Asker: 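One structure, pasted below without further comment.
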Amino acid sequence: MAESTKYIFVTGGVSSSLGKGIIAASLAKLLQAEGYRTTIQKLDPYINVDPGTLNPYEHGECYVTDDGAETDLDLGHYERFLNVQTSQANNITTGRIYQSVIEKERRGEFLGKTVQVIPHITDEIKDSVQILGKSGDYDIVITEIGGTVGDIESLPYIEAVRQMRWDLGRHNVLVVHLTLIPFLSAAGELKTKPTQHSVKTLMESGVQADVLVCRTEHELPEDLRSKLALFCNVREEAVIQAIDASTIYDVPNLMLKQGLDKVVLKKLNLERSEPNLTRWNQFLERHKNPKGEVTIGLIGKYVELQDSYKSIQESFIHAGAENEVKVNVETIHSEHLTKENIAKKLGHLHGILVAPGFGERGIEGKIEAVRYVREHNIPFFGVCLGMQMAVIEYARNVLGLTGANSTEMDLSTPHPVIDLMESQKNITDKGGTMRLGAWDCVLKEGSLVKDIYKTDAIRERHRHRYEFNNNYKSQIEEAGMKATGFNPGTNLVEIIEIPDHNWFVGVQYHPEYKSTVANPHPLFVAFVKAALNYKKEKNSVSMAQN
Ligand code: GLN
């Protein structure tokens with residue numbers, strides 16, 4: 001335990017997308033494994049109040065916490081690595097900082113003062129960083145600052161770091177700078193100059209980096225480390241190499257080998273012990289030595305950008321390791337699916353997940369996909385919009401309700417099997433107005449999901465507006481699709497399944513947000529297992545036919 005909370009800032013230089021989130025999460029993992037109560041937060045310098053209104057193409061997936069915060073996808077990495085929950089306090093944007101300062105100004109809290117970036121915005125940033133520290137729940141708070149040092153919009157954050165270091169002292173506030181060491185293949189050389197410049201840019205704002213984490217494609221030779229240390233004014237042991245890894249889950253061990261935890265703890269005057277990474281390494285062992293493989297189709301419309309379905313992809317990694325198989329996730333664009341090509345595009349898959357999403361584009365392809373897997377008894381997992389598509393498909397093709405749809409896609413549908421709740425109908429704002437965060441759900445006796453979760457009641461995270469329309473429930477259930485999970489307060493349907501099918505589950509919530517290395521999500525584990533069984537059955541049928 002630390003006497004007072006220690007703060008570590010992770011800043012980035014030279015280039016964006018160097019993986020600050022993974023470095024921060026890996027450092028946090030090591031510190032946690034050494035017994036320190038550690039959390040991570042992310043400060044994003046953009047003006048959106050939260051990333052909820054951002055297109056997934058712009059910023060990847062929007063991650064949702066239990067308390068209903070719509071956050072940056074890095075929080076997903078934090079939870080997956082640490083297995084501790086994050087909340088609204090773990091993700092702050094410039095928009096939220098300004099919103100809060102402006103609200104205070106309107107309430108007259110600044111007593112007639114001129115409200116300025118310094119000190120009002122910087123004070124608000126410092127308060128936001130220290131909220132977690134002051135809770136008494138953590139020994140160490142790691143704060144990742146989005147963007148790149150030198151960006152105009154990062155300046156107030158760097159100034160807040162400078163002030164916090166001045167307020168609390170160097171042994172309580174540490175700055176890790178993640179930078180890039182490019183390799184010039186024509187010269188056959190690694191180059192340190194961009195790093196020197198970015199450390200200098202940080203210095204111009206009065207902040208000296210304590211530790212350099214250097215992203216590189218090649219090993220950093222000794223002389224280059226010494227050069228970096230000398231010119232960037234850090235000790236040689238504080239030059240940490242972050243070489244490209246085959247999986248993000250290797251990074252904590254790579255950082256351990258490089259001594260990142262050691263140098264950080266020394267600078268913070270904290271004791272070091274050997275980290276206990278047993279559970280982590282068991283997972284890695286299984287992940288890297290699969291005994292078989294399955295191929296699962298991920299059908300969505302944001303497939304061009306891998307990060308759009310980050311949590312789903314990671315959930316498959318956790319579930320694969322649990323089943324000791326490699327899960328090949330084949331992303332399929334729903335807009336390209338038609339009745340004519342569906343068998344060709346989906347016929348080889350061992351399971352299909354229809355992804356979450358918004359708006360009309362690509363939904364007919366998703367419905368076509370559900371029909372194919374339902375009729376061919378291929379394991380199906382529908383997540384949020386994916387569950388809604390399964391209900392629409394069933395209504396149209398099994399119940400014969402022509403034109404059945406969600407009112408999100410077709411306001412004048414004759415059969416709104418998916419619809420807005422009354423209480424949602426008058427809401428016009430888009431930001432933060434969905435059903436968000438963790439909601440209770442009771443599981444039906446005898447259902448597949450109850451068997452999978454092995455409990456009566458669960459809490460899962462939501463992010464959607466539209467709901468299963470209970471006016472159609474009895475018709476749908478009579479035809480064979482069952483509602484097996486309910487919100488106990490509102491009676492909203494949270495889960496549907498088809499008992500006569502091989503494995504057919506649709507959930508209105510997002511199970512992917514709760515899958516972690518230490519706790520792979522039971523539904524993903526069961527779905528991968530079902531895919532594996534399906535593959536075995538299919539192989540034995542084709543062998544028998546030969
Ligand atoms: N667009 C759907 C809704 O708002 C589903 C959202 C989602 O998949 N997250 O209800």
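Treat the numbers as computed from the prediction; the structure is a model and nothing was measured.
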Asker: One pair to check against side-chain contact (heavy atoms from CB on, under 4.5 Å): Val161 and Ile145. What are the steps and the verdict?
Answerer: CA-CA 10 Å; Val161 173; Ile145 300 183; 3.6 Å; yes

Asker: Regarding Ser273 and Glu34, do their side chains bring together a donor and an acceptor under 3.5 Å, going by distance alone?
Answerer: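 There is no such pair (donor and acceptor under 3.5 Å, judged by atom type) between the side chains of Ser273 and Glu34.
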
Asker: Do Glu237 and Lys262 pass the salt bridge (charged side-chain N to carboxylate O under 4.0 Å, His left out) test, and can you show the C-alpha distance, the side-chain angles, and the key distance before you say yes or no?
Answerer: CA-CA 9 Å; Glu237 62 185 18; Lys262 206 182 270 176; over 6 Å; no

Asker: If I compare all heavy atoms of Asp451 with all of Lys454, which pair ends up nearest, and what's the gap?
Answerer: O-NZ, 3.0 Å

Asker: Could you walk me through whether Ile118 and Gln163 satisfy the side-chain contact (heavy atoms from CB on, under 4.5 Å) test, starting with their C-alpha distance in whole Å, then the side-chain angles of each, then the deciding distance to 0.1 Å, before giving a yes or no?
Answerer: CA-CA 11 Å; Ile118 301 172; Gln163 291 186 15; 4.1 Å; yes

Asker: Quick one: sort the Tyr309 and Tyr302 rings into parallel, tilted or perpendicular, breaks at 30° and 60°.
Answerer: tilted

Asker: Can Arg465 and Glu467 be said to form a salt bridge (charged side-chain N to carboxylate O under 4.0 Å, His left out), step by step?
Answerer: CA-CA 7 Å; Arg465 262 190 200 92; Glu467 307 282 354; over 6 Å; no

Asker: Give a yes or no on whether Arg235 atom CZ has more than 12 heavy-atom contacts from other residues, nucleotides or ligands under 6.0 Å away.
Answerer: no

Asker: Any heavy-atom pair between the side chains of Lys193 and His197 that's under 4.5 Å?
Answerer: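 The answer is yes, as the side chains (C-beta and beyond) meet within the 4.5 Å cut-off.
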
Asker: Would a distance-only check, ignoring hydrogens and angles, find a side-chain to backbone donor-acceptor pair under 3.5 Å from Ser154 to Gly150?
Answerer: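 Side chain of Ser154 to backbone of Gly150, a donor-acceptor pair under 3.5 Å: no, none is there.
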
Asker: Do the side chain of Gln196 and the main chain of Phe231 share a donor and acceptor less than 3.5 angstrom apart?
Answerer: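 No: the side chain of Gln196 does not pair with the backbone of Phe231.
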
Asker: On the 0 to 90° scale, with breaks at 30° and 60°, tag the Phe527-Phe316 ring pair as parallel, tilted or perpendicular.
Answerer: tilted

Asker: Any side-chain heavy atom of Lys42 within less than 4.5 Å of one from Lys20?
Answerer: no

Asker: Any side-chain donor paired with an acceptor under 3.5 Å for Asp250 and Thr247?
Answerer: no

Asker: So does Arg96 get a backbone contact from the side chain of Ser100, meaning a donor-acceptor N/O pair under 3.5 Å?
Answerer: no

Asker: Please indicate whether Lys126 has more than 12 foreign heavy atoms, meaning atoms of other residues, nucleotides or ligands, lying under 6.0 Å from its NZ.
Answerer: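 Counting neighbours around NZ of Lys126, more than 12 heavy atoms of other residues, nucleotides or ligands fall under 6.0 Å, so yes.
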
Asker: Checking Lys326 side chain against Gly320 main chain: does a donor-acceptor pair fall under 3.5 Å?
Answerer: no

Asker: Looking at Arg107, I want to see if its CZ is surrounded by more than 12 non-hydrogen atoms of other residues, nucleotides or ligands under 6.0 Å.
Answerer: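 Counting neighbours around CZ of Arg107, more than 12 heavy atoms of other residues, nucleotides or ligands fall under 6.0 Å, so yes.
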
Asker: Are any of the side-chain heavy atoms of Leu73 and Glu314 separated by less than 4.5 Å?
Answerer: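 With C-beta onward as the side chain, the pair stays apart.
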
Asker: Just checking, any donor-acceptor pair under 3.5 angstrom between side chains of His510 and Ser311?
Answerer: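 Distance-only check fails for His510 and Ser311.
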
Asker: Are the side chain of Thr5 and the backbone N or O of Gly133 linked by a donor-acceptor pair below 3.5 Å?
Answerer: yes

Asker: Return the minimal non-hydrogen interatomic distance between Gly13 and Ser198, and the atom names on each side.
Answerer: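 Shortest heavy-atom contact: CA-OG, 3.6 Å.
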
Asker: In terms of side-chain heavy atoms, does Glu460 have a donor or acceptor partner in His521 at a distance below 3.5 Å?
Answerer: yes

Asker: Applying the side-chain contact (heavy atoms from CB on, under 4.5 Å) criterion to Asp44, which one of Thr71, Ile92, Thr94, Asn91 satisfies it?
Answerer: Asn91

Asker: Looking at Glu217, I want to see if its CD is surrounded by more than 12 non-hydrogen atoms of other residues, nucleotides or ligands under 6.0 Å.
Answerer: no

Asker: Do Pro511 and Val383 have side chains that approach each other closer than 4.5 Å (heavy atoms only, starting at C-beta)?
Answerer: yes

Asker: Whether the side chain of Arg463 engages the backbone of Glu70 through a donor-acceptor N/O pair (distance < 3.5 Å, no angle test) should be reported.
Answerer: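 No, the answer is negative, given that no donor and acceptor are paired below the 3.5 Å cut-off.
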
Asker: Evaluate the side-chain proximity of Tyr36 to Glu271: yes if any heavy-atom separation is below 4.5 Å, no if none is.
Answerer: yes

Asker: Is there a side-chain contact between Gln116 and Phe110, using heavy atoms and a 4.5 Å cut-off?
Answerer: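 No. Closest side-chain heavy atoms not under 4.5 Å.
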
Asker: Where the side chain of Thr93 meets the backbone of Asn48, is there a donor-acceptor pair that is under 3.5 Å apart?
Answerer: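 Yes: the side chain of Thr93 pairs with the backbone of Asn48.
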
Asker: Please determine whether the number of non-hydrogen atoms from other residues, nucleotides or ligands lying under 6.0 Å from atom CH2 of Trp439 exceeds 12.
Answerer: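 Open.
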
Asker: Could you tell me if Tyr513 and Glu61 have a donor-acceptor pair between their side chains, going purely by distance under 3.5 Å?
Answerer: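 Glu61 vs Tyr513: no donor-acceptor pair found between side chains.
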
Asker: Go through Tyr138 and Ile40 one step at a time and tell me if the side-chain contact (heavy atoms from CB on, under 4.5 Å) criterion holds.
Answerer: CA-CA 10 Å; Tyr138 304 104; Ile40 322 185; over 6 Å; no

Asker: Can you confirm whether more than 12 heavy atoms, excluding those of Lys450, are under 6.0 Å from its NZ atom?
Answerer: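 It does: Lys450 NZ has more than 12 such atoms within range.
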
Asker: Is the backbone N or O of Val525 less than 3.5 Å from a side-chain atom of Glu322, with the two atoms forming a donor-acceptor pair by type?
Answerer: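 Not at all, since once roles are kept as given, no pair shorter than 3.5 Å links the two residues.
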
Asker: Okay, side chain of His464, backbone of Tyr466: is any donor-acceptor separation there less than 3.5 Å?
Answerer: yes

Asker: Could you go through Phe9 and Tyr157, starting from their C-alpha distance and side-chain angles, then the distance that decides it, and tell me whether this counts as ring-ring contact (aromatic ring centres under 6.0 Å, His included)?
Answerer: CA-CA 10 Å; Phe9 288 95; Tyr157 292 96; 9.8 Å; no

Asker: Could you check whether any side-chain N or O of Gln208 sits under 3.5 Å from a backbone N or O of Cys232, counting only pairs where one atom can act as donor and the other as acceptor?
Answerer: yes

Asker: Would you indicate whether the side-chain heavy atoms of Leu298 and Gln313 approach each other to under 4.5 Å?
Answerer: yes

Asker: Taking C-beta and beyond as the side chain, do Val84 and Gln32 meet within less than 4.5 Å on heavy atoms?
Answerer: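 They are in contact (side-chain heavy atoms under 4.5 Å apart), so the answer is yes.
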
Asker: Given the rule in the side-chain contact (heavy atoms from CB on, under 4.5 Å) test, do Arg435 and Leu492 qualify, once you have shown the distances and angles that lead to the verdict?
Answerer: CA-CA 12 Å; Arg435 178 145 80 104; Leu492 286 170; 3.8 Å; yes

Asker: Can you classify the ring geometry of Phe81 versus His77 as parallel (below 30°), tilted (30 to 60°) or perpendicular (above 60°)?
Answerer: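 Because their plane-to-plane angle is over 60°, the rings of Phe81 and His77 count as perpendicular.
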
Asker: Between Arg162 and Glu159, is there a side-chain N and carboxylate O pair less than 4.0 Å apart?
Answerer: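 Looking at Glu159 together with Arg162, the answer is yes, because their closest N to O distance falls below 4.0 Å.
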
